[in-house]
Visitor: 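Here it is, the structure, as structure tokens.
Chain naming here is simple, since letters A, B, ... match the order of the sequence lines and numbering starts at 1 in each.
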There are 2 protein chains.
Amino acid sequence: MTVTEPTGRRERKKLRTREALISSAFELFARKGFEATTVEEIADAVDVSSRTFFRYFASKEDVALTFQEEQHAALLAALAARPADEPIMTALRRTVVGIARACEQGEQGFDPDRFQCLQSLMASSSALLASSLEHSQKKQADLTRAVADRMGLDPATDLRPHVVAATAICTMNAAADAMRAGVLGDACLAETADRAFAILDEGWDPPRA
Amino acid sequence: MTVTEPTGRRERKKLRTREALISSAFELFARKGFEATTVEEIADAVDVSSRTFFRYFASKEDVALTFQEEQHAALLAALAARPADEPIMTALRRTVVGIARACEQGEQGFDPDRFQCLQSLMASSSALLASSLEHSQKKQADLTRAVADRMGLDPATDLRPHVVAATAICTMNAAADAMRAGVLGDACLAETADRAFAILDEGWDPPRA
DNA sequence: ACGACAGATGTCAGTACATGACACTTTGGG
DNA sequence: CCCAAAGTGTCATGTACTGACATCTGTCGT
């Protein structure tokens, strides 16, 4: 009965179609922008119908967010790999900075071009930014669970893990934002994020340089 | 040349139409949900064409977000009114908690029914949640400026105000989230937010109860 | 090798959001 | 009272997305 291992020609074909759609989508997005690219164009470029596109992705935004999906998975994995005796915020800081570096340097299978592409798309398309933020919010629940585990707390009754996870994610977002605005000159995301977490550590009140 | 003071019958009529649209929109949203309510229905209820609806609001989400717009304005105003020698996070905490209370108790012209309605709509409509988060993100820039002013820092070159503003907003969002999940029993948003900011103050590491 | 079944795709029709163009009505000022 | 400006309605259009149904194509049992 072998439960039908998912390794046939059909599955491979599906995978290829999916990758092809993502690939042509990013190419078109980079060339014409997010809004100006229609689903039909993406589908045509892979020679499938737009109806098929929507069988692979729930929305036009969704195809761009596959990147963030991977980012998120990598983040959870990296967090799990950090030493258990590390203070929670330190662990999160190292994890976030590590993922940022991976995205920018193309480590761990991340495509730095797509990463940069996505960064500029987010700046120009509010629909995409909105979806991205929603995605982060949804995934924040996972992070909250992971954080709660690590701290030995129950997320159903303790606010602490919620606040910690939210702080980590928003610090990352704030760093991305600040980087786009060039607040730290042309520092990369990893550096900016590291500085942002440092501010969390040092406290906000002693800003007297 | 009096620059045409904006106080004629025309302006009043516009205002009334706008309020009527918002009002019927919330009513329909509350009754049928966000997605299930069409723009045409909202417009019909006020006896205008859907085209006119879009002359007042950029999108269906926009009409629901008028509430948040007011929240945001009130937040900035309340922050400006806090004593200048208060530590920044304390000022933000008091401000956020104050607005939360106002929304829930119906002070300062806020309609608690609409507030509760919006809370549950956000939980059920991802499109609305996404727009709301985008709105917060956009408005975060204003808060960053205000925070920078208060701290005497330049937001164009200093990360600190960005991190502080982001932390304040995400703490508020986390509180709203946790409240919907009932983490603190049936505590109201104001209480939950206050507890969340307290965690920020106490630090995350000493969770050993 | 063949045939049946399941899953993937295409086609078609339809809904809803959003926007531009243009004509018509109302309002306010001279 | 008439004119210009502002507000609105109607129509046409484009795009995202979905349901229904027909068709094609791997997969698997015999």
Visitor: Would you tell me if any nitrogen or oxygen in the side chain of A:Thr52 comes within less than 4.0 Å of OP1 or OP2 on C:dT9?
Guide: no
Visitor: Under 4.0 Å: is that the gap between some side-chain N or O of B:Lys60 and OP1 or OP2 of C:dA16?
Guide: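 For B:Lys60, the contact criterion (side-chain N or O under 4.0 Å from OP1 or OP2 of C:dA16) is not met.
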Visitor: Take the protein atom CZ of B:Phe54 and the nucleotide atom C1' of D:dG9, then report the distance between them rounded to whole Å.
Guide: 15 Å
Visitor: Once you round it to whole Å, what is the distance between C1' of C:dT11 and CG of A:Asp47?
Guide: 15 Å
Visitor: Out of D:dA16, C:dC17, D:dC21, which nucleotide sits closest to the side chain of A:Arg55?
Guide: D:dC21
Visitor: Any idea how A:Phe67 and A:Phe110 line up, ring-wise: parallel (<30°), tilted (30 to 60°), or perpendicular (>60°)?
Guide: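 Answer is tilted, since the angle falls between 30° and 60°.
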Visitor: Any donor-acceptor pair under 3.5 Å between the side chain of B:Arg51 and the base of D:dG7?
Guide: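 Absent.
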Visitor: Just the rounded figure in Å: distance from C1' of D:dA16 to CZ of A:Phe53.
Guide: 10 Å
Visitor: State plainly whether the residues A:Glu134 and A:Lys138 are in salt-bridge range, i.e. N to O under 4.0 Å.
Guide: yes
Visitor: When the distance from CD of B:Glu61 to P of C:dC17 is rounded to whole Å, what number comes out?
Guide: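 Result: 9 Å.
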Visitor: Which sits closer to the 5' end of DNA chain C, B:Arg10 or B:Ser50, going by the nucleotide each is nearest to?
Guide: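 Its nearest nucleotide being more 5', the pick is B:Ser50.
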Visitor: Using a 4.0 Å heavy-atom cut-off, does B:Ser59 contact any base of the nucleic acid, only the sugar-phosphate backbone, or nothing at all?
Guide: sugar-phosphate
Visitor: Do side-chain atoms of A:Arg150 reach the backbone of A:Glu86 as a donor and acceptor pair under 3.5 angstrom?
Guide: yes
Visitor: To the side chain of A:Ser49, which of C:dT9, C:dG10, D:dC17 is closest?
Guide: C:dG10
Visitor: For B:Tyr56 and D:dG7, is the shortest distance between a side-chain N/O and OP1 or OP2 below 4.0 Å?
Guide: no
Visitor: Ignoring backbone atoms, test whether B:Lys14 places a side-chain nitrogen or oxygen under 4.0 Å from the OP1 or OP2 oxygen of D:dG7.
Guide: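 Yes, within the criterion.
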Visitor: In whole angstrom, give the distance that lies between atom CD1 of A:Ile42 and atom C1' of D:dT15.
Guide: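 Answer to the nearest Å: 12 Å.
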Visitor: Starting at atom CZ of A:Arg16, determine the distance to atom P of D:dG26, rounded to an integer number of angstrom.
Guide: 10 Å
Visitor: Does the side chain of B:Leu21 reach to within under 4.5 Å of the side chain of B:Val48, using non-hydrogen atoms?
Guide: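 Touching, per the 4.5 Å side-chain cut-off.
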Visitor: How close or far is atom P of D:dA6 from atom NZ of B:Lys13, stated in whole angstroms?
Guide: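 Computing the B:Lys13:NZ to D:dA6:P distance gives 16 Å.
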Visitor: Sort out for me which residue in A:Phe26, A:Phe29, A:Phe57 forms a side-chain contact (heavy atoms from CB on, under 4.5 Å) with A:Ile42.
Guide: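 Testing A:Ile42 for a side-chain contact (heavy atoms from CB on, under 4.5 Å) against A:Phe26, A:Phe29, A:Phe57 leaves exactly one candidate, A:Phe29.
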Visitor: Please state how far atom CD in B:Glu40 lies from atom P in C:dC17, giving the value in whole angstrom units.
Guide: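 Going from B:Glu40 (CD) to C:dC17 (P), I get 9 Å.
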